[in-house]
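One structure below.
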Amino acid sequence: MLNLQTQLGNFQFANPLMNASGVHCMDKTELDEMVASASGSLVTKSATVKPRPGNPEPRYADLTLGSINSMGLPNLGIDYYLDYVQQYQQEHPNQPIFMSIVGTTFEDNIAVARRIQESDFNGLAEINLSCPNVPGEPQTAYDPDQTVKILDELFTFFTKPLGVKLPPFFDLAQFDQMAAILNRYPLAFINTMNSLGNGLMIDPATDTVMIKPKGGFGGIGGAFAKPIALANVRAFRQRLRPEIAIIGTGGVQTGRDVYDLILCGANMVQVGTALHQQGTGIFDRLLSELSGVMQTKGYSSLAEFRGQLKTIE
Ligand code: RRO
């Protein structure tokens, strides 16, 4: 029998799959569909203190190899998602849920985290340090000093399981620097990675950018992201304390993509662009394809191959 169970700290999940925040998690209808799906867990849309309408449309486009978005953090506000998870926790006491939170300023990051700390939320919180799409705001985790400032302040009061959503990094010195920072904090997990920030795609019929906000610049997801996501999961697994789990996100379209992220060290795997394009039925296919790969390789649990990527001597 195949066992697809996974763990993140003290939390148990029937399988490693979930949505990437921002995809299929804006409101109760989408979240309920995630709950009803075959995924092992789910995360709510990154929430700010107050609701936000986000950027003007068009703000998302499908591409041949993925997607581009500049949604601009549309969300229904932290109170909406806290209400949702409170209900969820009563109905699913043994199925932990994730909440994503974000601020566009230092003060807002702290304020929204306080709302979670003061609530009866008993799942895992993820602070998004990597939103690429708020005009005028850099991605927090590309600024080591700002990252330290936020994490220092958060851990003065935040006692619930907390992870950080990171942007992609591209240089080994950046991995060294960021891992050294993250290792100083009692983080439950990191989630690597957010979309590839500030890409640009052009509609060849009209010579026009594909999305309206920020002159067409937006976060790139899907197949474009897979090799970068693998590298980020692998590089952080080689550098982080073993107690800090890793959620691998980027470019999952098949069960083999899930397997590859686990091979690099992921404890859980999120699906973004492909979930947006195919809907929640994708989780059944991904689980059956993942099971097929494991059977072919002779594995009966994820732990047998997690982190077991081979290199060439
Ligand atoms: O809402 C968005 O534009 C968005 C966010 Br907050 C994020 O973290 N990543 C992304 O690709 N889009």
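None of these values were measured; they are calculated from a predicted model. FYI, side chains are in, hydrogens and waters are out, and symmetry mates aren't considered; it's all heavy atoms of this structure. Remember, it's 1-based here, ligands and their atoms both numbered in the order they're listed.
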task: Can you sort out which atoms of ligand 1 are near Asn69, meaning under 4.0 Å from one of its heavy atoms?
output: 2 (C), 3 (O), 4 (C), 10 (C), 11 (O), 12 (N)
- prompt: Is ligand 1 less than 4.0 angstrom away from at least one heavy atom of Ser21?
  reply: no
- request: Return yes or no for this condition: an N or O of Pro74 is under 3.5 Å from an N or O of ligand 1.
  value: no
- request: May I ask whether Gly219 has any heavy atom positioned less than 4.0 angstrom from an atom of ligand 1?
  value: no
message: Pairing donors with acceptors under 3.5 angstrom, does anything connect the side chains of Thr254 and Asp257?
response: yes
Residue, atom name and distance, where the atom is the protein heavy atom closest to atom 9 (N) of ligand 1: Asn194 OD1, 2.8 Å
- request: Report, in ascending order of atom number, the atoms of ligand 1 lying under 4.0 Å from any heavy atom of Asn133.
  value: 2 (C), 3 (O), 4 (C), 10 (C), 11 (O), 12 (N)
query: Would Leu73 count as a contact of ligand 1 if the rule is a heavy atom under 4.0 Å away?
result: yes
- request: Just need the protein heavy atom nearest to atom 11 (O) of ligand 1, so name the residue and atom and give the distance.
  value: Ser195 OG, 2.7 Å
query: Identify the closest protein heavy atom to atom 5 (C) of ligand 1: which residue and atom is it, and at what distance?
result: Cys131 SG, 3.5 Å
message: Students often mix this up, so state it plainly: with edges at 30° and 60°, are the rings of Phe98 and Phe13 parallel, tilted or perpendicular?
response: parallel
- request: Check Val134 against ligand 1 and report side chain, backbone, both or neither, counting heavy atoms closer than 4.0 Å.
  value: neither
field: Ligand-side contact atoms (ligand 1) for residue partner Asn128, heavy atom cut-off under 4.0 Å
entry: 6 (Br), 7 (C), 8 (O)
- request: Verify the distance criterion only: is there a donor paired with an acceptor across the side chains of Asp62 and Gln277 at less than 3.5 Å?
  value: yes
- prompt: Once you round to the nearest 0.5 Å, how far does CG of Asn109 lie from CG of Leu154?
  reply: 7.0 Å
- prompt: Are Pro132 and ligand 1 in contact, using a heavy-atom cut-off of under 4.0 Å?
  reply: yes
query: How long is the gap from CD1 on Ile211 to CG on Asn133, to the nearest 0.5 Å?
result: 7.0 Å
query: Salt bridge or not for Arg114 and Glu118, using N-O below 4.0 Å?
result: no
message: Any non-hydrogen side-chain atom of Leu166 less than 4.5 Å from a side-chain atom of Asn194?
response: no
field: Lys/Arg-Asp/Glu bridge criterion (N-O < 4.0 Å) met for Asp145, Lys149
entry: no
field: Contact check: Lys45 vs ligand 1, nitrogen or oxygen atoms, below 3.5 angstrom
entry: yes
- prompt: Going by heavy atoms in the side chains, are Leu63 and Leu65 under 4.5 Å from each other?
  reply: no
task: Could you establish whether Arg59 and ligand 1 come within less than 4.0 Å of each other, counting only heavy atoms on the residue side?
output: no
